[in-house]
Structure formats: C-alpha cells, structure tokens
Asker: 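Could you have a look at this structure, given as structure tokens, before my questions?
This one's a predicted model, so the numbers in the text were calculated from it and none came from an experiment. Numbers restart at 1 for each chain; the letters A, B, ... are given by sequence-line order, proteins then strands.
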Amino acid sequence: MIRVMRVGLFVTCLVDLVRPRIGFAALELLEAAGCEVIVPPSQTCCGQPGWNSGDRPAARVLAEKVIAEFEAFDYVVAPSGSCAGMIKVHYPQLFGGEGAWLARAEALAARTHELTDFLLNVAPLERVPGRFAGTVAYHDSCAGLRELGVKHQPRALLARVQDLALREMKDSEVCCGFGGTFSIKFGEISAAMAQAKCERIRASGADAVVLGDLGCMLNIEGRLRRTGDEHTRVLHVAEVLAGEK
Amino acid sequence: MQLASVHFRQRASGALADAHLQRTLERFGSGFADKRAAARQAYGEGAFEELRDACAVIRDRALADLDAWLLRFEEEATRRGASVLWAEDAAEACARVLEICARHGLRKAIKSKSMLSEEASLNEALAAAGVQPVETDLGEYILQLAGEPPSHIIAPAIHKDLGQVAELFVKHHGRPKSDDIAQMTREAREMLRPHFLSADLGISGGNFLVAETGSVAIVTNEGNGRMVTTLPRVHIAITGIEKVIPTLEDLSTLNRILPRSATGQEIENYFSILTGPKRAGDTDGPEQLYVVLVDNGRTRLVGSVLQEMLRCIRCGACMNHCPVYQTVGGHSYGWVYPGPMGSVLTPVFQGLENALDLPQAATLCGACHVACPVKIPLPELLRSLREMQTQRGLRPWSERAAFRAWAFAAARPRLYALATQFAARALKWMGGRRGRIARLPLAGRGWTEGRDFPAPEGKTFRELYRGGQRHKT
C-alpha cells in the first residue's frame with residue numbers, strides 16, 4: 001500500500017499576515033497532488049529577518065521552533081523560495097558545529113521544498129486546476145532561483161494551466177530590489193530597482209507577472225501601483241495554479 | 001584614496017538623482033555580464049563550473065599556507081635578481097616606493113592600473129615627494145585628468161560618457177574637440193607617448209605572484225602595462241600579499257577564468273609574466289625590479305570567518321552582476337572597491353564603524369556569488385559582517401529594539417497571533433477602498449517613499465484556518 005505523504009505546510013509569515021489566500025491556494029494544490037496537508041498552528045516565522053540582519057540568537061530561537069514543529073512530517077513545503085531556502089540552506093549554517101541540532105536541521109533541510117519544486121518533482125501535480133486567460137511573465141525570485149534552483153519548475157507547471165500563455169521578460173533573474181529589510185533601510189535604492197523590474201514587466205507586454213515569493217510580490221505590486229499602473233496583475237504562482245474562484 | 005563610505009546613503013541618493021549618471025549606468029547595464037555569459041557558454045557551462053571549482057581550490061591552497069608561499073616567492077624572485085619589499089600598511093607601502101625613488105633619483109613614474117596604489121593613495125604620496133605620477137591605462141588617465149577616483153575595478157571610468165571625456169580632452173589637450181573614439185584614443189596615446197619615453201620609473205600592480213618562479217603576472221588590454229614594465233629603468237610592482245599562487249600551472253588555470261569572468265574575453269590582449277630585471281644580453285626590461293608586497297589589513301582576514309574573501313582575483317564580475325551597484329554606481333560605495341567585494345573589503349580594511357551601510361546595502365540576491373570565478377560566498381560574508389555590527393553594538397537602537405520585539409513575539413505563538421491579527425486589520429483599514437497604503441508610519445516610511453504597500457486581506461491565515469477554512473474564498 002502506498003502511504004499518503006504527510007506534508008507540513010509552512011505558510012510563511014508574510015502570507016499569514018498579508019495574503020492568506022496564497023496559503024489556501026498552496027493547501028489546495030498539495031491536496032490535489034494527493035498529499036495529506038497539516039498546518040502546524042503554532043508556526044510564526046522562519047527567522048530569516050534575524051538571520052539576515054545579523055541577529056543570530058533570534059534566528060536560532062525561531063529555527064529551533066520550526067524544526068520542532070515540522071520534523072514529524074514527511075515533507076515541509078513553503079509557498080516561498082526565500083523561506084524554504086532559509087530552512088534548507090541556512091538552518092544547517094545556523095547550527096554549524098553543533099551535533100544534535102545540526103543533525104535535526106539537516107534532516108529537516110533534506111525534506112524541505114519550495115512549492116513548485118515539490119509539485120513538479122516530489123508529488124507531481126498532473127492536472128493543474130487553474131485556468132488563466134492571458135499572458136504571464138515569470139519573475140525568478142532570488143533565493144528560490146539561486147539557493148534552490150527553482151527555475152523551470154514554476155514554468156513547467158504554469159504551462160499546464162489552461163489558456164495561459166507564458167512569455168519571458170528580459171532580466172527575469174535580476175533582483176526586484178526587495179531584499180527584506182533592505183527595502184525599508186534603503187527604500188530609495190530599493191524602489192529604483194523595483195522600477196527597473198517594472199519596466200521589464202511592462203516591456204514584456206504580459207497581462208500579469210507571476211512569481212513565487214510574497215516579498216517580491218508586494219515590492220513589485222507596490223511600485224506598479226505607485227507609478228500609476230493599475231492593470232498589470234501581480235500574482236503568486238500558487239494562486240494561478242490553483243485558479244481563481 | 002579618501003574614505004567616504006560613511007556617506008553611502010547620501011552618495012547613493014545623489015547618484016539616483018543624477019540623470020546623466022543614470023543614463024551612463026543604464027548603457028553600461030548588463031554589458032559585461034552578457035559577455036561573461038557568452039564566454040561561459042562557449043567554454044561549456046559544465047566545464048566552466050568545474051573551472052570555478054578548480055580556481056577556488058587553487059586560491060584556497062595558496063591561502064592555507066600564505067606565509068610559506070610568500071616566502072617562497074621572495075626567495076625565488078630574489079634569486080632571479082628582483083628585490084622583494086614588505087609593507088604592513090598603506091603608509092609603509094608609500095614609504096617603500098619613495099625610498100626606491102630616492103635611492104635611484106627617480107622623477108617621473110608611468111603607471112599601469114593598480115588598485116593597491118589607490119588603496120595606498122600612492123599618487124598623492126609620489127606627487128608630494130616631487131615624483132610625477134602619470135596614469136597610462138586609458139580609464140585611469142581620464143580620471144587623473146578629471147581628478148576623480150575609479151568607480152569600477154576594471155573599468156575605472158565607466159561612469160563617464162563620451163561627451164564628458166571629449167570635454168576633458170579639449171580642456172587638457174588643447175586640441176579640437178573630437179567625439180570619435182578611435183581619434184580620441186589616438187590623441188591620448190600621443191599625449192602619453194612622451195611620458196612613456198621620459199619616465200624613469202614604471203609602477204604596475206600584479207594580478208598574480210607565482211611562488212615557484214618568483215614571477216609577477218600582469219594582464220592588460222591596452223598594452224600600456226608592457227611599456228610601464230619594460231621602458232623605464234626601474235619597475236616597481238606593488239600588490240597585495242594575497243595575490244600569491246603556488247605554480248605556473250595554477251596561473252594558467254586561473255588565467256582561463258579571469259578574463260572570461262571580467263570582460264568575457266578568452267584571453268586578455270596582453271598577458272605578461274615578469275621574472276627578474278633585465279639580464280645581461282637582454283634587449284629590454286628594467287635594470288631594477290622591485291616587488292612591494294602590501295598587507296594593509298589582509299592578514300586580518302586570515303583565519304577569520306571572512307577568509308574566503310582573500311580568494312578574490314579582482315575581476316569585477318560581482319559588481320557587473322550586482323543590481324545595487326548598477327543602480328547607484330561605484331562612487332556611492334565611497335572607497336577603492338565598490339560593489340559586493342568592496343562591501344566586504346572596505347569594512348575590513350577601513351574599520352567596521354567606518355562603512356556601516358555597506359554590508360547592509362545588499363539584497364543578498366546571490367547574483368555575485370553565482371558569478372564569482374572563485375566562488376566567494378559574498379552574501380554569507382556580508383551576513384557575517386552584519387552579525388559583527390550587531391555584536392559590536394553598531395546598529396541603531398531603534399532597529400535593535402524592533403528586532404528584539406519581533407523575535408520575542410515570533411517565539412510566542414499566542415502573542416504573535418494577537419499582534420498579527422491586529423496588524424492585519426489595522427493595515428487593511430489604512431489601505432482603504434483602494435486596498436493599498438501610500439504612507440506607512442515609522443520605519444515603514446522607507447517602503448512607502450517609493451512604493452505603495454498592498455494592504456492585507458484583513459484576517460490572518462492562521463485565524464482563518466483555525467476557524468475551519470480550508471479553501472480560498
């Protein structure tokens with residue numbers, strides 16, 4: 001008998017606070033892929049803000065919490081390359097040199113996936129429920145792309161969405177300027193980088209830019225709207241794959 | 001070079017407001033990055049990745065026994081007639097050079113590009129001692145006329161456009177204005193030629209020091225390096241101690257990746273391996289060859305969490321791929337080394353407290369790490385520097401307090417739930433009917449100066465899930 005995969009959904013703190021619908025879209029997709037999905041209710045944040053800001057103790061407390069909350073599952077899936085990258089790449093660094101915690105961190109890292117990577121490679125989502133009438137350009141978020149190798153996974157899944165046409169924009173791999181607290185500490189530079197991204201998006205002529213990280217979404221959407229673009233949609237890949245209803 | 005890294009924020013702001021510079025940066029754009037990508041593809045992507053691994057190993061091997069390889073270099077170079085001098089810091093480096101000038105009565109120095117000479121403010125020291133320094137790399141020559149520091153380590157005048165250079169030439173050359181690049185280059189060459197022929201000292205940097213032969217390897221594209229190192233009667237190569245590599249075979253491997261990573265070239269136009277001064281019977285070459293090996297903060301990196309930074313071969317790929325560098329330009333960084341590598345080196349060489357913004361002024365996007373020919377984990381090193389800042393109390397109290405509060409709440413799910421439920425509602429209310437916030441309070445102002453903040457949906461995922469919701473609505 002094939003045992004159903006038990007997946008712990010790490011919603012991420014930004015989805016929890018700002019866009020719960022992305023979390024539910026991820027949940028639907030994982031269930032559509034045949035997984036049993038559990039959302040540990042005590043989850044908060046992966047600790048990346050602390051890690052990236054040089055506050056190792058804070059990052060550590062939260063990393064221990066995430067490990068304890070999720071290590072019982074077969075897999076951990078996050079609708080974010082950034083948070084999945086934190087668990088997969090940076091937790092082992094965070095516990096470097098500490099036997100017991102390091103082993104637990106590495107064990108969890110090995111079973112942690114970004115959503116589209118999981119839906120393509122681990123629990124294949126053959127029939128994608130979403131339908132999207134229009135062209136979309138995919139923006140490669142940095143951590144997913146360079147830490148986890150998320151590049152073709154979202155595109156392969158989007159290609160299965162009914163009526164959706166995928167169009168590449170120039171410089172899709174160039175950072176949008178979000179960078180976590182960078183976007184606040186260096187708002188002016190960050191906004192200028194977002195502007196460059198928005199120009200590429202518009203030049204692609206796509207109806208929507210689709211991406212896999214909420215931080216980049218807020219950044220790009222915020223800049224588009226501020227500069228008067230009311231029509232280019234900014235969507236999380238989970239929303240598009242799950243369909244809008 | 002005068003340190004101005006504490007002013008990063010203001011300088012970056014100025015760079016963003018400088019329409020001329022922005023146009024120049026845009027034109028520069030991904031030029032070098034595209035060329036590197038093409039060179040990588042031509043080499044074979046898999047093979048290129050193997051080459052990166054091999055080069056990182058070579059550099060690590062040299063750094064693991066840095067002292068031993070340096071002594072070997074000194075021994076071999078000395079045996080071949082060169083003089084190896086040591087300098088602990090910038091002042092000593094200048095002193096060594098000036099001592100040589102005094103010993104041989106030298107009055108005019110022609111220079112090929114050397115970032116270490118910028119580090120040590122060598123031109124100022126030479127001029128003060130009555131030795132005329134003349135930069136002969138075209139970019140450096142332009143900047144010497146303009147009285148500006150370089151903004152890129154391999155394309156120092158990348159921030160200047162054709163029109164600006166044309167005007168500089170009119171002002172300094174006193175000839176009719178031309179904006180034909182070939183003509184302008186010819187003009188610069190004609191101006192430099194008498195200096196080449198009359199100088200008694202040539203000063204170069206060194207891309208690599210080969211320990212087994214005591215050689216200095218220099219790569220250039222303009223040929224000026226050859227003239228600088230062969231025409232004058234004295235040649236001084238001044239370089240950082242980390243440049244040493246064990247063997248000629250290593251040099252051959254590293255020089256496969258250096259030009260491809262820098263400019264996308266398979267090989268530079270000029271690749272020189274200089275071993276000892278002119279020997280009896282040689283038709284050219286300097287009578288005296290000095291190698292000045294400078295520490296200037298490098299040994300602080302040895303054995304530290306930042307040691308990997310010493311692998312750097314100064315190709316510029318990190319800045320060519322850095323979206324922040326391409327947005328604010330090299331001068332914003334306020335010292336010799338801009339971009340990601342500069343954001344690590346400046347705080348180390350000049351003091352953490354003198355370059356507080358640099359480790360923070362990065363999105364940690366990782367483009368530099370992926371492009372680096374010797375695989376320096378630049379984002380990790382920037383993170384380590386941020387940690388050092390925190391540990392040494394060099395972050396603003398408001399930021400520290402905010403992080404403490406966040407970490408406290410995030411470790412307590414009930415408290416966190418309350419806080420986020422409140423925030424989700426408050427922000428949704430602030431977003432109004434349009435669903436976006438034009439002005440956030442406190443630290444959030446940094447966000448909304450240039451962007452709206454898309455308002456939250458109003459309830460948190462966790463509260464909806466707890467209430468039984470399982471699907472999008």
Side-chain angles (χ1 to χ4, degrees), chain A residues 11 13 15-21 23-25 27-28 39 41-45 47 49-56 58 61-62 65 93 142-143 146-147 171 173-175 177-180 182-196 218-219 221-223 225-226 242 245, chain B residues 9 12-13 16 30 323-324 327-328 360-367 369-370 380 383 385-391 395 399 403-404 406-407 409-411 413 416 420 423-424 436 438 443-454 456-457 459-462 464-466 469-473:
Chain A
V11 180
C13 61
V15 166
D16 178 55
L17 178 71
V18 186
R19 290 283 178 270
R21 64 168 180 260
F24 287 108
L27 197 160
E28 285 179 21
V39 184
S42 59
Q43 63 176 284
T44 57
C45 169
W51 173 245
N52 280 353
S53 298
D55 192 339
R56 186 181 282 255
V61 168
L62 294 173
K65 181 171 166 298
Q93 295 173 334
C142 299
R146 283 180 274 268
E147 290 181 352
D171 296 336
E173 295 186 357
V174 172
C175 178
F178 173 63
F182 173 85
S183 61
I184 294 171
K185 288 179 189 163
F186 298 95
E188 198 183 357
I189 303 172
S190 174
M193 291 164 73
Q195 175 61 25
L218 297 173
N219 186 38
E221 186 178 331
R223 182 65 191 178
R225 303 299 175 252
R226 172 63 60 94
K245 66 163 180 1
Chain B
R9 194 179 292 276
S13 199
L16 286 168
S30 57
V324 176
T327 304
V328 302
Q360 305 282 337
T363 62
L364 306 180
C365 77
H369 180 198
V370 175
E380 302 308 321
R383 240 185 228 109
L385 284 163
R386 293 178 182 187
E387 201 174 334
M388 290 176 203
Q389 290 185 342
T390 305
Q391 284 166 350
R395 299 305 306 163
E399 182 185 313
F403 267 105
R404 287 267 82 96
W406 162 79
Y416 187 82
T420 49
R436 52 188 199 246
R445 268 177 314 183
W447 178 285
T448 45
E449 269 165 25
R451 282 156 296 210
D452 289 349
F453 186 80
E457 291 170 23
K459 287 188 177 177
T460 68
F461 178 92
R462 291 199 303 151
L464 294 169
Y465 188 83
R466 204 173 50 240
Q469 186 177 326
R470 293 295 179 268
H471 298 279
K472 334 183 273 302
T473 47

Asker: Given heavy-atom pairs under 4.5 angstrom as the criterion, report whether the side chain, backbone, both or neither of A:Lys185 touches chain B.
Answerer: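 Interface part for A:Lys185: both.
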Asker: Using heavy-atom distances under 4.5 Å, tell me whether A:Val61 contacts chain B through its side chain, its backbone, both, or neither.
Answerer: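 The side chain, not the backbone.
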Asker: Can you tell me which portion of B:Glu399 sits under 4.5 Å from chain A's heavy atoms? Options are side chain, backbone, both or neither.
Answerer: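 For B:Glu399, the side chain is the part near chain A, not the backbone.
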Asker: Below 4.5 Å from any heavy atom of chain A, which atoms of B:Ala411 appear? Answer side chain, backbone, both or neither.
Answerer: both
Asker: Which region of A:Gln195, side chain (C-beta onward) or backbone (N, CA, C, O), has a non-hydrogen atom less than 4.5 Å from a non-hydrogen atom of chain B, or is it both or neither?
Answerer: neither
Asker: Let's go through A:Asn52 and B:Arg386 carefully: what are the C-alpha distance in whole Å and the side-chain angles of both, what is the deciding distance for side chain to side chain donor-acceptor pair (under 3.5 Å) to 0.1 Å, and is it a yes or a no?
Answerer: CA-CA 8 Å; A:Asn52 280 353; B:Arg386 293 178 182 187; 5.4 Å; no
Asker: Given heavy-atom pairs under 4.5 angstrom as the criterion, report whether the side chain, backbone, both or neither of A:Leu27 touches chain B.
Answerer: side chain
Asker: For B:Arg9, check salt bridge (charged side-chain N to carboxylate O under 4.0 Å, His left out) against everything at least two apart and list the hits.
Answerer: B:Asp357
Asker: Report the C-alpha distance between B:Thr390 and A:Arg56 in whole Å, list the side-chain angles of each, state the deciding distance to 0.1 Å, and finish with yes or no for side chain to side chain donor-acceptor pair (under 3.5 Å).
Answerer: CA-CA 9 Å; B:Thr390 305; A:Arg56 186 181 282 255; over 6 Å; no
Asker: For B:Arg404, what residues pass the salt bridge (charged side-chain N to carboxylate O under 4.0 Å, His left out) criterion, not counting sequence neighbours?
Answerer: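 Testing B:Arg404 for salt bridge (charged side-chain N to carboxylate O under 4.0 Å, His left out), a comparison that skips the adjacent residues, returns A:Asp55.
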Asker: Tell me, side chain or backbone of B:Ala362 under 4.5 Å from chain A's heavy atoms, or both, or neither?
Answerer: backbone
Asker: Which region of B:Arg466, side chain (C-beta onward) or backbone (N, CA, C, O), has a non-hydrogen atom less than 4.5 Å from a non-hydrogen atom of chain A, or is it both or neither?
Answerer: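 Contact with chain A involves no heavy atom of B:Arg466 at all.
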